[in-house]
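Just so it is clear, the values below take in all heavy atoms, side chains as well, and ignore hydrogens, waters and symmetry mates. Values in this document were obtained by computation on a predicted structure and should not be read as measured data.
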Amino acid sequence: PAFCKPKVGIISTGDEIISPSEQPKPGEIRDINSYLLYSSVIEDGGEAIFYGVIRDNYELLFETAKKALNECDVVLVSGGSSVGKRDHTAKIIEELGNPGILLHGIAIKPGKPTILGKVNDKPIFGLPGHPLSCAVVYRILVRYLLERMMKVEEVEYPIPCKLNTNYHKAKGREEYLPVNIEIISGEYIAVPVLSKSAAISGFTKSWGYIKIDKNVEGISKDQIVY
(Lines give C-alpha, C1' and ligand atoms only; values in the text may rest on other atoms or scores of the structure.)
Protein backbone atom coordinates (compact mmCIF):
# COMPACT_ATOMS: atom_id res chain seq x y z
CA PRO A 1 0.00 0.00 0.00
CA ALA A 2 1.20 3.49 -0.83
CA PHE A 3 0.07 7.00 0.03
CA CYS A 4 0.81 10.54 -1.06
CA LYS A 5 2.81 12.59 1.39
CA PRO A 6 0.42 15.08 2.95
CA LYS A 7 1.26 18.64 1.97
CA VAL A 8 1.38 20.86 5.03
CA GLY A 9 1.29 24.64 4.61
CA ILE A 10 3.09 26.63 7.31
CA ILE A 11 2.37 30.30 8.06
CA SER A 12 3.94 32.34 10.85
CA THR A 13 2.32 35.59 11.94
CA GLY A 14 3.31 38.63 13.95
CA ASP A 15 4.72 42.12 13.47
CA GLU A 16 7.44 41.27 15.98
CA ILE A 17 8.78 38.20 14.14
CA ILE A 18 12.03 38.62 12.18
CA SER A 19 14.47 36.31 10.40
CA PRO A 20 17.05 34.51 12.58
CA SER A 21 19.77 36.25 10.55
CA GLU A 22 18.58 39.71 11.66
CA GLN A 23 19.53 41.54 14.84
CA PRO A 24 16.38 42.05 16.94
CA LYS A 25 15.38 45.59 17.81
CA PRO A 26 13.34 46.37 20.94
CA GLY A 27 10.05 44.47 20.72
CA GLU A 28 11.26 42.04 18.03
CA ILE A 29 12.03 38.33 18.27
CA ARG A 30 13.72 35.88 15.94
CA ASP A 31 11.50 33.35 14.20
CA ILE A 32 11.78 29.74 15.39
CA ASN A 33 8.29 28.30 14.91
CA SER A 34 8.58 28.24 11.11
CA TYR A 35 11.73 26.11 11.32
CA LEU A 36 10.36 23.97 14.14
CA LEU A 37 7.19 23.13 12.20
CA TYR A 38 8.92 22.73 8.83
CA SER A 39 11.47 20.25 10.16
CA SER A 40 8.85 18.40 12.23
CA VAL A 41 6.59 17.88 9.20
CA ILE A 42 9.49 16.48 7.16
CA GLU A 43 10.57 14.24 10.04
CA ASP A 44 7.02 12.87 10.28
CA GLY A 45 6.85 12.01 6.57
CA GLY A 46 4.97 15.02 5.20
CA GLU A 47 5.85 17.64 2.60
CA ALA A 48 6.30 21.06 4.20
CA ILE A 49 5.52 24.27 2.27
CA PHE A 50 6.45 27.56 3.93
CA TYR A 51 4.35 30.63 3.07
CA GLY A 52 6.47 33.12 4.98
CA VAL A 53 6.12 35.32 8.03
CA ILE A 54 2.93 37.38 7.62
CA ARG A 55 2.48 40.62 9.53
CA ASP A 56 -0.61 41.27 11.65
CA ASN A 57 -2.63 42.35 8.62
CA TYR A 58 -6.05 40.74 8.22
CA GLU A 59 -6.30 40.93 4.42
CA LEU A 60 -2.77 39.64 3.82
CA LEU A 61 -3.14 36.77 6.26
CA PHE A 62 -6.56 35.86 4.83
CA GLU A 63 -5.22 35.67 1.26
CA THR A 64 -2.16 33.70 2.36
CA ALA A 65 -4.24 31.18 4.31
CA LYS A 66 -6.66 30.86 1.39
CA LYS A 67 -3.78 30.13 -0.99
CA ALA A 68 -2.30 27.58 1.42
CA LEU A 69 -5.65 25.78 1.76
CA ASN A 70 -5.98 25.57 -2.01
CA GLU A 71 -2.49 24.08 -2.39
CA CYS A 72 -2.13 21.91 0.72
CA ASP A 73 -3.88 19.15 2.65
CA VAL A 74 -3.30 20.71 6.09
CA VAL A 75 -2.51 24.30 7.12
CA LEU A 76 -0.67 25.39 10.27
CA VAL A 77 -0.87 29.05 11.33
CA SER A 78 1.57 29.90 14.09
CA GLY A 79 0.58 32.87 16.25
CA GLY A 80 -2.54 35.00 16.46
CA SER A 81 -4.59 32.30 18.18
CA SER A 82 -5.32 34.31 21.34
CA VAL A 83 -8.01 36.97 21.68
CA GLY A 84 -6.04 40.21 21.37
CA LYS A 85 -6.88 43.02 18.93
CA ARG A 86 -4.18 41.87 16.49
CA ASP A 87 -4.98 38.15 16.75
CA HIS A 88 -6.79 37.47 13.48
CA THR A 89 -6.41 33.70 13.11
CA ALA A 90 -9.78 32.68 14.59
CA LYS A 91 -11.78 35.18 12.52
CA ILE A 92 -9.94 34.19 9.34
CA ILE A 93 -10.66 30.49 9.85
CA GLU A 94 -14.34 31.31 10.29
CA GLU A 95 -14.38 33.46 7.13
CA LEU A 96 -12.52 30.95 4.92
CA GLY A 97 -15.40 28.48 4.75
CA ASN A 98 -17.53 25.88 6.50
CA PRO A 99 -17.63 24.46 9.06
CA GLY A 100 -14.94 26.87 10.31
CA ILE A 101 -13.74 26.68 13.91
CA LEU A 102 -14.32 23.33 15.62
CA LEU A 103 -12.71 24.35 18.90
CA HIS A 104 -10.85 27.33 20.33
CA GLY A 105 -8.96 26.60 23.51
CA ILE A 106 -7.99 23.22 24.94
CA ALA A 107 -7.34 22.15 28.52
CA ILE A 108 -3.59 21.61 28.27
CA LYS A 109 -0.47 23.38 29.46
CA PRO A 110 1.30 24.74 27.53
CA GLY A 111 -0.93 25.34 24.51
CA LYS A 112 -4.28 26.50 25.87
CA PRO A 113 -5.20 29.01 23.05
CA THR A 114 -4.99 26.37 20.28
CA ILE A 115 -7.54 26.58 17.45
CA LEU A 116 -8.70 23.63 15.37
CA GLY A 117 -10.78 24.32 12.29
CA LYS A 118 -11.92 22.69 9.10
CA VAL A 119 -12.46 24.40 5.76
CA ASN A 120 -13.89 22.41 2.87
CA ASP A 121 -12.76 19.13 4.46
CA LYS A 122 -9.23 20.40 5.08
CA PRO A 123 -7.93 20.81 8.64
CA ILE A 124 -6.42 24.14 9.67
CA PHE A 125 -4.70 24.71 13.01
CA GLY A 126 -4.15 27.97 14.85
CA LEU A 127 -1.06 27.13 16.90
CA PRO A 128 0.18 29.22 19.83
CA GLY A 129 2.99 31.64 19.04
CA HIS A 130 5.08 30.65 22.06
CA PRO A 131 7.65 28.08 20.89
CA LEU A 132 7.21 25.53 23.67
CA SER A 133 3.41 25.68 23.34
CA CYS A 134 3.69 25.35 19.56
CA ALA A 135 5.98 22.31 19.89
CA VAL A 136 3.69 20.56 22.37
CA VAL A 137 0.52 21.09 20.33
CA TYR A 138 2.25 19.91 17.16
CA ARG A 139 3.42 16.79 18.96
CA ILE A 140 0.08 15.78 20.45
CA LEU A 141 -2.40 16.96 17.78
CA VAL A 142 -0.80 17.69 14.40
CA ARG A 143 1.49 14.65 14.37
CA TYR A 144 -1.45 12.46 15.38
CA LEU A 145 -3.46 13.79 12.43
CA LEU A 146 -0.61 13.24 9.95
CA GLU A 147 -0.18 9.67 11.15
CA ARG A 148 -3.89 9.00 10.64
CA MET A 149 -3.72 10.51 7.14
CA MET A 150 -0.78 8.26 6.24
CA LYS A 151 -2.27 5.24 8.02
CA VAL A 152 0.82 4.80 10.14
CA GLU A 153 1.31 4.93 13.88
CA GLU A 154 4.54 5.66 15.66
CA VAL A 155 5.23 3.32 18.56
CA GLU A 156 6.60 5.14 21.58
CA TYR A 157 8.70 3.56 24.29
CA PRO A 158 8.49 5.79 27.37
CA ILE A 159 11.29 5.55 29.92
CA PRO A 160 10.16 5.05 33.54
CA CYS A 161 11.97 7.53 35.80
CA LYS A 162 11.79 8.87 39.32
CA LEU A 163 10.97 12.56 39.61
CA ASN A 164 13.66 14.36 41.61
CA THR A 165 11.33 16.88 43.29
CA ASN A 166 7.77 17.58 44.35
CA TYR A 167 5.87 19.22 41.50
CA HIS A 168 2.52 20.99 41.85
CA LYS A 169 0.14 21.67 38.95
CA ALA A 170 -3.31 23.17 38.64
CA LYS A 171 -6.11 20.61 38.45
CA GLY A 172 -8.19 20.53 35.28
CA ARG A 173 -5.47 20.89 32.62
CA GLU A 174 -3.31 18.16 31.13
CA GLU A 175 0.32 19.25 31.44
CA TYR A 176 3.40 18.41 29.39
CA LEU A 177 6.51 19.07 31.47
CA PRO A 178 9.96 19.12 29.78
CA VAL A 179 12.57 17.11 31.67
CA ASN A 180 16.21 16.07 31.58
CA ILE A 181 17.22 12.55 32.53
CA GLU A 182 20.07 11.76 34.89
CA ILE A 183 21.37 8.33 35.91
CA ILE A 184 22.07 8.09 39.65
CA SER A 185 23.03 4.77 41.26
CA GLY A 186 21.68 2.94 38.23
CA GLU A 187 18.29 4.67 38.32
CA TYR A 188 16.81 7.08 35.79
CA ILE A 189 15.96 10.40 37.41
CA ALA A 190 13.70 12.97 35.70
CA VAL A 191 14.68 16.59 36.37
CA PRO A 192 12.10 19.24 35.34
CA VAL A 193 13.31 21.98 32.98
CA LEU A 194 11.41 24.98 34.29
CA SER A 195 10.93 27.85 31.83
CA LYS A 196 8.20 29.99 30.36
CA SER A 197 6.51 28.75 27.17
CA ALA A 198 7.86 31.78 25.28
CA ALA A 199 11.45 30.58 25.79
CA ILE A 200 12.94 27.93 23.51
CA SER A 201 15.16 26.74 26.37
CA GLY A 202 12.20 24.71 27.64
CA PHE A 203 12.76 22.09 24.97
CA THR A 204 16.28 22.74 23.65
CA LYS A 205 17.67 21.72 27.05
CA SER A 206 15.30 18.81 27.65
CA TRP A 207 15.52 15.14 26.69
CA GLY A 208 11.78 14.68 26.58
CA TYR A 209 8.66 15.38 28.57
CA ILE A 210 6.33 13.79 31.09
CA LYS A 211 2.56 13.90 30.69
CA ILE A 212 0.58 14.76 33.80
CA ASP A 213 -3.14 13.93 33.63
CA LYS A 214 -5.60 16.78 34.01
CA ASN A 215 -7.16 15.51 37.26
CA VAL A 216 -3.80 15.15 39.01
CA GLU A 217 -2.77 18.05 41.24
CA GLY A 218 0.91 17.20 41.34
CA ILE A 219 3.64 14.59 41.53
CA SER A 220 5.58 13.62 44.63
CA LYS A 221 9.34 13.34 44.82
CA ASP A 222 10.58 9.83 43.83
CA GLN A 223 7.23 9.02 42.17
CA ILE A 224 7.61 7.00 38.96
CA VAL A 225 6.82 9.05 35.84
CA TYR A 226 6.92 8.25 32.09
Side-chain angles (χ1 to χ4, degrees), residues 12 14 16-17 20 24 27 29-41 43-44 76 78-79 81-84 103-116 125-147 153-226:
S12 282
E16 74 281 9
I17 305 299
I29 187 169
R30 290 188 176 100
D31 181 24
I32 181 177
N33 288 0
S34 302
Y35 301 89
L36 166 71
L37 295 172
Y38 194 96
S39 58
S40 296
V41 168
E43 181 182 18
D44 292 333
L76 310 178
S78 167
S81 63
S82 296
V83 292
L103 61 86
H104 189 179
I106 52 179
I108 67 169
K109 179 184 178 182
K112 181 181 178 182
T114 298
I115 302 170
L116 175 57
F125 289 85
L127 302 179
H130 287 173
L132 181 58
S133 303
C134 182
V136 167
V137 175
Y138 177 90
R139 175 82 184 187
I140 65 173
L141 290 183
V142 180
R143 173 178 287 181
Y144 178 85
L145 173 65
L146 295 180
E147 288 178 350
E153 184 172 356
E154 180 184 0
V155 178
E156 296 186 343
Y157 300 93
I159 301 172
C161 305
K162 284 185 177 180
L163 195 67
N164 78 328
T165 185
N166 294 321
Y167 184 78
H168 174 76
K169 67 172 279 291
K171 191 175 181 181
R173 279 203 288 174
E174 193 171 86
E175 183 167 344
Y176 294 81
L177 177 66
V179 295
N180 279 331
I181 298 177
E182 298 178 354
I183 302 177
I184 301 176
S185 301
E187 291 187 311
Y188 290 108
I189 307 298
V191 182
V193 179
L194 302 176
S195 71
K196 294 186 179 297
S197 61
I200 65 172
S201 58
F203 58 90
T204 59
K205 296 179 181 178
S206 64
W207 287 31
Y209 61 85
I210 59 176
K211 175 185 173 183
I212 309 174
D213 290 338
K214 66 178 182 178
N215 293 322
V216 174
E217 293 188 2
I219 301 176
S220 301
K221 182 180 179 181
D222 294 330
Q223 184 175 334
I224 299 297
V225 294
Y226 296 89

Closest non-hydrogen contact found for K171 with N215 is CE-O, 3.6 Å
If every non-hydrogen atom of P110 is compared with every non-hydrogen atom of S197, which pair is closest and at what distance? CB-CB, 4.0 Å
Measure from the side-chain N and O atoms of K169 to the backbone N and O of V216, and report whether any donor-acceptor pair falls under 3.5 Å. yes
D31 side, atom CG; E16 side, atom CD - distance, nearest 0.5 Å: 10.0 Å
Please enumerate all residues that pass side chain to side chain donor-acceptor pair (under 3.5 Å) together with E156, with sequence neighbours excluded. R139
What residues, two or more places apart in sequence or in another chain, satisfy side-chain contact (heavy atoms from CB on, under 4.5 Å) together with A190? C161, L163, V179, V225
L76 CG to C134 SG distance, which is reported to the nearest 0.5 Å: 8.0 Å
How many angstroms lie between atom CG of L127 and atom CG of L116, to the nearest 0.5 angstrom? 10.0 Å
Considering all heavy atoms, the nearest P131-L36 contact: O-CD2, 4.0 Å
Check: I219 and I212 side chains under 4.5 Å, non-hydrogen atoms: yes
Heavy-atom distance under 4.5 Å between the side chains of T114 and P128, does that happen here? yes
Which distance, rounded to the nearest 0.5 Å, do you find between the CG of L146 and the CG of D44? 6.5 Å
Show the nearest heavy-atom pair for residues K221 and N166, with the distance to one decimal. N-OD1, 2.7 Å
S34: which of S78, S12, S39 passes side-chain hydrogen bond (donor to acceptor under 3.5 Å, both in side chains): S12
Rounded to the nearest 0.5 Å, what separation is found between the CD1 atom of I189 and the OG atom of S185? 8.0 Å
Can you see which heavy atom on I106 is nearest to which on L103, and at what distance? CG2-CD1, 3.5 Å
Set of residues satisfying salt bridge (charged side-chain N to carboxylate O under 4.0 Å, His left out) with respect to R30, sequence neighbours excluded: none
For the side chain of N180 and the backbone of V193, is there at least one donor-acceptor N/O pair under 3.5 Å apart? no
Quick one: does V142's side chain get under 4.5 Å of L37's, heavy atoms only? no
Can you name the salt bridge (charged side-chain N to carboxylate O under 4.0 Å, His left out) partners of E43, sequence neighbours left out? none
Side chains of R143 and Y138, heavy atoms from C-beta outward: is any pair under 4.5 Å? yes
Minimum heavy-atom separation for G129 to N33, with atom names? O-ND2, 2.8 Å
Listed partners of K162 passing salt bridge (charged side-chain N to carboxylate O under 4.0 Å, His left out), at least two apart: E187
Tell me whether Y188 contacts the main-chain N or O of I159 through its side chain, where contact means a donor paired with an acceptor under 3.5 Å. no
Test ring-ring contact (aromatic ring centres under 6.0 Å, His included) applied to Y38 - qualifying residues, sequence neighbours left out: none
Are the side chains of Y209 and L177 in contact, using a 4.5 Å heavy-atom criterion? no
Spacing of OG1 belonging to T204 relative to CG belonging to L132, to within rounding of 0.5 Å: 10.0 Å
With side chains defined as the heavy atoms from C-beta onward, is the minimum distance between V137 and I108 less than 4.5 Å? yes
Does CD1 in I181 sit with more than 12 non-hydrogen atoms of other residues, nucleotides or ligands closer than 6.0 Å? yes
